[in-house]
Amino acid sequence: MAAGFDPSGRLPDVFTNAGTSSFTQFLSKVAPELLPGRRPLPPGLAADIAPHATTIVAIVSEAGVVMAGDRRATMGNLIASRDIEKVHPADAYSLIGIAGTAGIGMELMRLFQVELEHYEKIEGAVLSLDGKANRLASMIRGNLGAAMQGLAVIPLFAGFDLAATDPARAGRIFSFDVTGGPYEETGYDAIGSGSLFARAALKKRFRPGLSTPDAVRLAVEALYDAADDDTATGGPDLSRKIYPVVMTATAEGTHRLTESETAAVAEAVVAGRMENPGG
């Protein structure tokens, strides 16, 4: 039972009084055992007993940002899932992708979504993009104990900055380290086991001012290159019709490309590589 609950069934005062705008901070007082990083863990490393999500890429476009993730999760040398979804909207104007321990990553992502929604309800305003990145950084920091035992989660955060003076520069990307340090990236970034290869592909092809369709194509190509050299990253699976998750964040909000839209891009990339495997 969470701390402070009345056996009579009445909610304690903490639920009815105006409190903190941070849901994570509220949860740490009411039911700290529900936070991912506050659960007791047995000694030793646990990295090989849980599925791991892999490669995520993000690219700044002229209209905002594009984020894409492959669909594979691995557990050691096994494919744990072929169709996991690692890219999600954080709120109406931002996106989050996770790499690392899949279960904890999904839980942290959902908690972050609630964190932003809770802030809006309490404060009556949308948190700034920098504020969102800082909130996410503190949540990652709270998982440091589990990360030191091999259950690390590293997210990639990107969004459209409503406070930007120049709409063409409103797309912003933030990466994080395992201790929660936030770092703003310029133009593009990638995380996960295939990030080295994806980032190299992005480095060669990225140009400022990319249109959204061009950024989407570049994101899918970067994931293809990552899958080509990293066994933990899944490329487009044409036989099973499993394609990357691709989302955008612009002044109109977040949008997920439909299966048919993503399939068209992925199949075009594969067809191009059939003629020129090196890209």
Side-chain angles (χ1 to χ4, degrees), residues 22-25 27-28 32-58 67-70 72-76 80-81 84-88 90 94-116 129-159 172-186 188-200 202 222-223 226 230-233:
S22 170
F23 182 77
T24 305
Q25 186 176 349
L27 201 59
S28 69
E33 71 279 3
L34 297 180
L35 291 171
R38 299 288 287 272
R39 300 189 186 107
L41 294 172
L45 293 176
D48 293 333
I49 66 173
H52 276 236
T54 49
T55 313
I56 309 291
V57 300
M67 185 178 290
D70 81 305
R72 179 175 291 178
T74 59
M75 191 162 58
S81 175
I84 187 174
E85 297 186 0
K86 315 168 196 174
V87 177
H88 299 268
S94 61
L95 305 167
I96 181 172
I98 59 102
T101 307
I104 295 178
M106 293 299 181
E107 188 175 19
L108 186 144
M109 177 271 298
R110 288 192 289 268
L111 185 60
F112 183 53
Q113 291 172 327
V114 175
E115 175 84 6
L116 300 185
L129 200 65
D130 289 291
K132 295 173 189 177
N134 289 332
R135 290 287 176 99
L136 183 55
S138 67
M139 294 171 66
I140 300 166
R141 197 173 302 119
N143 192 55
L144 182 59
M148 297 302 289
Q149 290 186 250
L151 299 176
V153 175
I154 302 294
L156 189 59
F157 177 66
R172 300 173 65 189
I173 300 171
F174 295 86
S175 65
F176 304 84
D177 61 32
V178 73
T179 64
Y183 310 96
E184 184 166 2
E185 306 294 341
T186 302
Y188 60 88
D189 197 28
I191 60 170
S193 63
S195 61
L196 175 65
F197 311 108
R199 198 178 292 116
L202 294 172
L223 290 176
D230 173 45
T231 58
T233 303

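T101 contributes a side-chain N or O that, together with a main-chain N or O of A152, makes up a donor-acceptor pair within less than 3.5 Å. Of the possible donor and acceptor atoms, one in the side chain of K86 sits under 3.5 Å from a partner among the backbone N and O of R72.
Looking at residues two or more places apart in sequence or on another chain, you find a side-chain contact (heavy atoms from CB on, under 4.5 Å) between E85 and R71, H88, V245, R256. Contacts of I140 classified as side-chain contact (heavy atoms from CB on, under 4.5 Å), with partners at least two apart in sequence or in another chain: L136, P155, F176. Partners of T55 according to the side-chain hydrogen bond (donor to acceptor under 3.5 Å, both in side chains) rule, which considers only residues two or more places apart in sequence or in another chain, are T233. For S195, the side-chain contact (heavy atoms from CB on, under 4.5 Å) criterion is met by A190, R199, not counting sequence neighbours. Listed by chain and residue number, D83 satisfy the side-chain hydrogen bond (donor to acceptor under 3.5 Å, both in side chains) test with S81 (two or more places apart in sequence, or in another chain). Residues meeting the side-chain contact (heavy atoms from CB on, under 4.5 Å) test with R172, sequence neighbours left out: L129, D130, D161, F174, E184.
Closest non-hydrogen pair, S175 versus D189, comes out as CB-OD2, 3.2 Å. The two atoms that bring D230 and G194 nearest to each other are OD2-N, 3.3 Å, heavy atoms only. The minimum heavy-atom distance linking V57 with A222 is given by the pair CG1-CB, 4.3 Å.
Looking at M67 and I96, their side chains never come closer than 4.5 Å, going by heavy atoms from C-beta outward. Looking at L156 and I173, their side chains come closer than 4.5 Å, going by heavy atoms from C-beta outward. I84 has its side chain within reach of M106: a pair of non-hydrogen atoms, C-beta onward, lies under 4.5 Å apart.
The distance from the OG atom of S193 to the CG atom of D70 is 7.5 Å, given to the nearest 0.5 Å. For the atom pair CD1 (I98) and CD (E107), the distance works out to 11.5 Å, reported to the nearest 0.5 Å. Between the CZ atom in R135 and the CG atom in L116 there is a gap of 8.0 Å [rounded to 0.5 Å]. Between the CG atom of N143 and the CG atom of L151 there is a distance of 7.5 Å, given to the nearest 0.5 Å.
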Practice task
Any chance you could lay out the side-chain contact (heavy atoms from CB on, under 4.5 Å) test for L144 and T179, step after step, and finish with the verdict?
Solution key: CA-CA 6 Å; L144 182 59; T179 64; 4.2 Å; yes
